[in-house]
Amino acid sequence: MKRTTVYDRNLKAKREVSVSAFHFLFSEIVQYCLAKANSDAQELERQLEELGQPLGAKFLELVCFRDRNSKKDINIIECLRFIHGPLWKTLFNKNADELEQNTEEHDTFMISEKEPSLCNQFACLPKGDDYLNCGAFVAGIIEGILASANFPAKVSAIFKNDEESRKTVFLVKFNSDTIDGNY
Amino acid sequence: MARKSSQVQGEQIWNQSEKVNAELFAFTYGSLVVKLIRELENISEVNRQLETMGYNIGLRLIDDFLSKNDVTCETTKDTAEVIAKTGFRMYLGVTCDVTNWNADENEFSLILADNPLTEFVELNEDYRDLKYLNLLCGVIRGALEMVRIKSVCTLERDSLKGDEFTELRVVIKEKVQDEYEPDDD
């Protein structure tokens, strides 16, 4: 008998698990990385990014095949719109709140979330601008997507404190040669 | 009024709970397993680490579980039923079957026909010793320990390795009695 492989699966079926299950798993991942990183916040963020990256390639393919009839964007802006829209919807059941371009540096874009993202929801952190952001995991996913769409970029998750809300901004900075050829 | 069956209860909590894309969950777990394989010395170390992480989850998960459920498990059969029909249902959205009881009724198997954690997962021949789902074993052990049941849970059969279904074997070692008598007042 021929073994069934992942390629034989029906992609249409959409499944869900309880958000608590994800939180339990993610907090355990953060614990593990924290121990690995000797409690160094930057190193921890780097590890979370690294964990997120492989997810990017997988989601890019999955969402393109499933929802967009194999259509993949070959333009930077379109690709960012795709992340801001359909991809975010697949991951978090909603579009990202904002997508902006930096007016001074044209190779820099920002995707922002007003509410604490899935990964930050239960993270208890001291107040401050540049402290650990567990959204680094999501930043890793975005970086992975852009890398496999052939627009290599550096993505980082940062907090932006305005008034009371703690907004997470995913800062997308494209490599200089990416921008030159495609923009 | 008869108490709701564990199946109905699991179903209700599932319907009310907030959910997240199962693929995000499965890929995140996959990414973790790959990281562990890279960083730890050998596969048995990876298995052990996954079990420990599951155990830590179990210790915390039981509070969440009991806060959402009204359960009293008098016999081991009740316990097994609640794990299979309520526990798995409310977190992973699937239920499993309880079978293969031993004569003393302190060992049973949980049969998982379908499991969101293994979505899009294939195991390479080189990793046939990897217990991909050891995290689940740890969760069960940890959660049971918090309700004073000492147990051992192992991955007996694994659909990733060509078995027809996944079987988790739970062995109840000891039910720890309360050390202190409750106060009179």
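Numbers restart at 1 for each chain; the letters A, B, ... are given by sequence-line order, proteins then strands. Note: hydrogens, waters and symmetry copies are ignored here, and every other heavy atom, side chains too, is used. None of these values were measured; they are calculated from a predicted model.
- Shortest non-hydrogen contact noted between A:Ser18 and B:Val20 is O-CG1, 4.0 Å.
- If you take CG on B:Leu92 and CZ on A:Arg15, they are separated by 9.0 Å, rounding to the nearest 0.5 Å.
- B:Val71 and B:Met146 fall within the same hydrophobic cluster, defined by Ile, Leu, Val, Met, Phe, Trp and Tyr side-chain heavy atoms under 4.5 Å apart, directly or through other members.
- Atom CH2 of B:Trp14 is separated from atom CD of A:Glu16 by 6.5 Å, given to the nearest 0.5 angstrom.
- Annotation: side chain of B:Phe120 is not in contact with side chain of A:Lys58 (no heavy-atom distance under 4.5 Å).
- The 12-atom threshold is exceeded at NZ of B:Lys175, counting heavy atoms of other residues, nucleotides or ligands nearer than 6.0 Å.
- Using a 4.5 Å cut-off between side-chain heavy atoms of Ile, Leu, Val, Met, Phe, Trp and Tyr, with links allowed through other members, B:Leu59 and B:Val176 fall into different hydrophobic clusters.
- A donor-acceptor pair under 3.5 Å is absent between the side-chain atoms of B:Ser31 and the main chain of A:Gly52, judged by distance alone.
- Under the 4.5 Å side-chain heavy-atom criterion for ILVMFWY residues, no single connected hydrophobic cluster contains both B:Val152 and B:Leu110.
- Between B:Leu117 atom CG and A:Leu25 atom CG the span is 7.5 Å, to the nearest 0.5 Å.
- Proximity of A:Ser20 to B:Lys68: side-chain heavy atoms (C-beta onward) are separated by under 4.5 Å at one or more points.
- Residues A:Phe24 and B:Asp64 are in side-chain contact: their nearest non-hydrogen atoms beyond the backbone lie under 4.5 Å apart.
- Around the CD atom of A:Glu61, the shell of radius 6.0 Å holds no more than 12 heavy atoms that belong to other residues, nucleotides or ligands.
- Looking at A:Thr90, the atoms closer than 4.5 Å to chain B (heavy atoms on both sides) sit in the backbone and in the side chain alike.
- At a threshold of 4.5 Å between side-chain heavy atoms, the hydrophobic network of Ile, Leu, Val, Met, Phe, Trp and Tyr places B:Ile83 and B:Trp101 in one connected group.
- Between B:Val139 and A:Glu28, the closest side-chain pair of non-hydrogen atoms is not below 4.5 Å.
- Heavy atoms from other residues, nucleotides or ligands lying under 6.0 Å from NZ of B:Lys150 number 12 at most.
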Check step by step if side-chain contact (heavy atoms from CB on, under 4.5 Å) holds for A:Gln31 and B:Asn56. CA-CA 10 Å; A:Gln31 289 290 335; B:Asn56 293 337; over 6 Å; no
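- Counting heavy-atom neighbours within 6.0 Å of B:Tyr127 OH, excluding the residue itself, gives a total of 12 or less.
- No part of B:Val34 comes within reach of chain A, as not one of its non-hydrogen atoms sits under 4.5 angstrom from that chain.
- Only the side chain of B:Gln49 comes within contact range of chain A, judged by heavy atoms closer than 4.5 Å.
- Atom CG of residue B:Leu32 and atom OH of residue A:Tyr32 lie 8.0 Å apart, to the nearest 0.5 angstrom.
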side-chain contact (heavy atoms from CB on, under 4.5 Å) between A:Leu55 and B:Thr28, worked out: CA-CA 7 Å; A:Leu55 273 73; B:Thr28 306; 3.7 Å; yes
A:Ile141 vs B:Phe27, test: side-chain contact (heavy atoms from CB on, under 4.5 Å). Steps then yes/no. CA-CA 11 Å; A:Ile141 300 181; B:Phe27 290 160; over 6 Å; no
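- In terms of heavy-atom proximity, B:Lys19 sits nearest to A:Asn93 at O-ND2, 3.9 Å.
- Follow the hydrophobic side-chain contacts under 4.5 Å out from B:Val171 and you never reach B:Ile140; the two are in separate clusters.
- For residues 38-46 of chain B, heavy-atom neighbours of chain A at less than 4.5 Å comprise B:Glu39, B:Leu40, sorted by residue number.
- Interface remark: of the candidates A:Lys36, A:Glu50, A:Gln53, A:Lys36 forms the most heavy-atom pairs closer than 4.5 Å to chain B.
- Two residues are said to be in side-chain contact when any heavy atoms from C-beta on lie closer than 4.5 Å; A:Val63 and B:Glu23 fail this criterion.
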Apply the test side-chain contact (heavy atoms from CB on, under 4.5 Å) to residues A:Phe59 and B:Leu24: give CA-CA distance (whole Å), side-chain angles for both, the deciding distance (0.1 Å), then the verdict. CA-CA 9 Å; A:Phe59 272 112; B:Leu24 176 64; 4.1 Å; yes
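- Of the two parts of B:Leu135, only the side chain, counted from C-beta on, holds a non-hydrogen atom closer than 4.5 Å to a non-hydrogen atom of chain A.
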